[in-house]
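Just so it is clear, the structure is predicted and the values come from calculations on it, not from any experiment. One-based numbering along the sequence shown. FYI, side chains are in, hydrogens and waters are out, and symmetry mates aren't considered; it's all heavy atoms of this structure.
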Amino acid sequence: MIDHRGGSDGDHYGLAAWREKWERALSGGTGFHDMSVTVEQNISTDDLSTNVYLSRGTHTASGRRYEVRGMDMIRVRDGRIVEHWAIRDSVAMRHQLGLDQ
């Protein structure tokens, strides 16, 4: 399993890294809470599933909310996720949270 995160995090390899990412997000260890994701569009082919989604949440320290779109693509082989790519509108997110000043 490869999670192509990009940015300063780079790629993460293995199920443990995938699990850690989601456990951290769900435990509030990301500095955000009230997070939700709504899939608006899904396109699937043989081994790929691509989603356009709306991500929402609250920045814990400031109490400011964000709502941005993103896209991800997941490759599945033998019923298991083997690759994941994701992008989101980080510029809009930083602007909404007042972090771009």
Side-chain angles (χ1 to χ4, degrees):
M1 167 358 117
I2 305 171
D3 189 8
H4 302 285
R5 296 184 195 183
S8 61
D9 284 345
D11 292 346
H12 285 74
Y13 297 86
L15 182 59
W18 178 266
R19 184 175 289 135
E20 178 186 318
K21 173 180 85 168
W22 288 107
E23 286 173 353
R24 189 169 64 101
L26 295 173
S27 72
T30 59
F32 296 94
H33 66 278
D34 298 333
M35 294 187 307
S36 68
V37 176
T38 303
V39 175
E40 296 180 323
Q41 180 78 36
N42 172 270
I43 300 172
S44 296
T45 63
D46 297 334
D47 64 345
L48 294 172
S49 177
T50 304
N51 301 288
V52 174
Y53 58 86
L54 187 62
S55 174
R56 297 179 180 100
T58 303
H59 185 243
T60 303
S62 68
R64 295 182 96 167
R65 294 201 39 82
Y66 71 90
E67 179 177 291
V68 295
R69 284 203 166 61
M71 293 181 72
D72 76 345
M73 184 166 56
I74 299 167
R75 182 181 310 278
V76 178
R77 187 171 300 133
D78 298 325
R80 296 177 182 256
I81 296 173
V82 295
E83 283 188 280
H84 174 253
W85 299 263
I87 57 172
R88 72 169 169 218
D89 191 346
S90 298
V91 172
M93 185 175 174
R94 290 183 60 77
H95 178 72
Q96 291 173 33
L97 296 174
L99 301 173
D100 60 352
Q101 301 166 356

Under 4.5 Å between any side-chain heavy atoms of Asn51 and Gln41, yes or no?
-> no
What I'd like to find out is whether the side chain of Val68 reaches to under 4.5 Å of the side chain of Gln96, using heavy atoms alone. yes
Between His12 and Ala17, the two heavy atoms sitting closest are CB-CB, 3.8 Å
CD1 of Ile2 to CG of Asp11, rounded to nearest 0.5 Å, is 7.0 Å
Output for pair (Leu15 CG, Asp3 CG), nearest 0.5 Å, gives 11.5 Å
Practice prompt. Could you check Tyr53 against Asp72 for side chain to side chain contact (heavy atoms under 4.5 Å, CB included), going step by step and ending with a plain yes or no?
Written response: CA-CA 8 Å; Tyr53 58 86; Asp72 76 345; 4.1 Å; yes
Residues Met35 and Tyr66: closest non-hydrogen pair is CG-OH, 3.9 Å
Distance col, row Asp89:CG vs Met71:CE, nearest 0.5 angstrom, shows 12.5 Å
Arg56 meets the side chain to side chain contact (heavy atoms under 4.5 Å, CB included) criterion, sequence neighbours left out, with Ser36, Thr38, Leu54, Arg65, Glu67
One should read off an interatomic distance between Phe32 CZ and Thr58 OG1, to the nearest 0.5 angstrom, of 9.5 Å
Would you say the side chains of Asn42 and Thr50 form a donor-acceptor pair under 3.5 Å? no
Hits for side chain to side chain contact (heavy atoms under 4.5 Å, CB included) against Arg75, two or more places apart or cross-chain, chain-then-number order -> Asp47, Leu48, Arg77, Val82, Glu83, Trp85
Heavy-atom side-chain proximity of Arg69 to Glu40 below 4.5 angstrom: yes
To the nearest 0.5 Å, atom CZ of Arg80 lies from atom CD1 of Ile74 at 15.5 Å
Output, in order, the C-alpha distance, side-chain angles, deciding distance and verdict of side chain to side chain contact (heavy atoms under 4.5 Å, CB included) for His4 and His84.
CA-CA 6 Å; His4 302 285; His84 174 253; over 6 Å; no
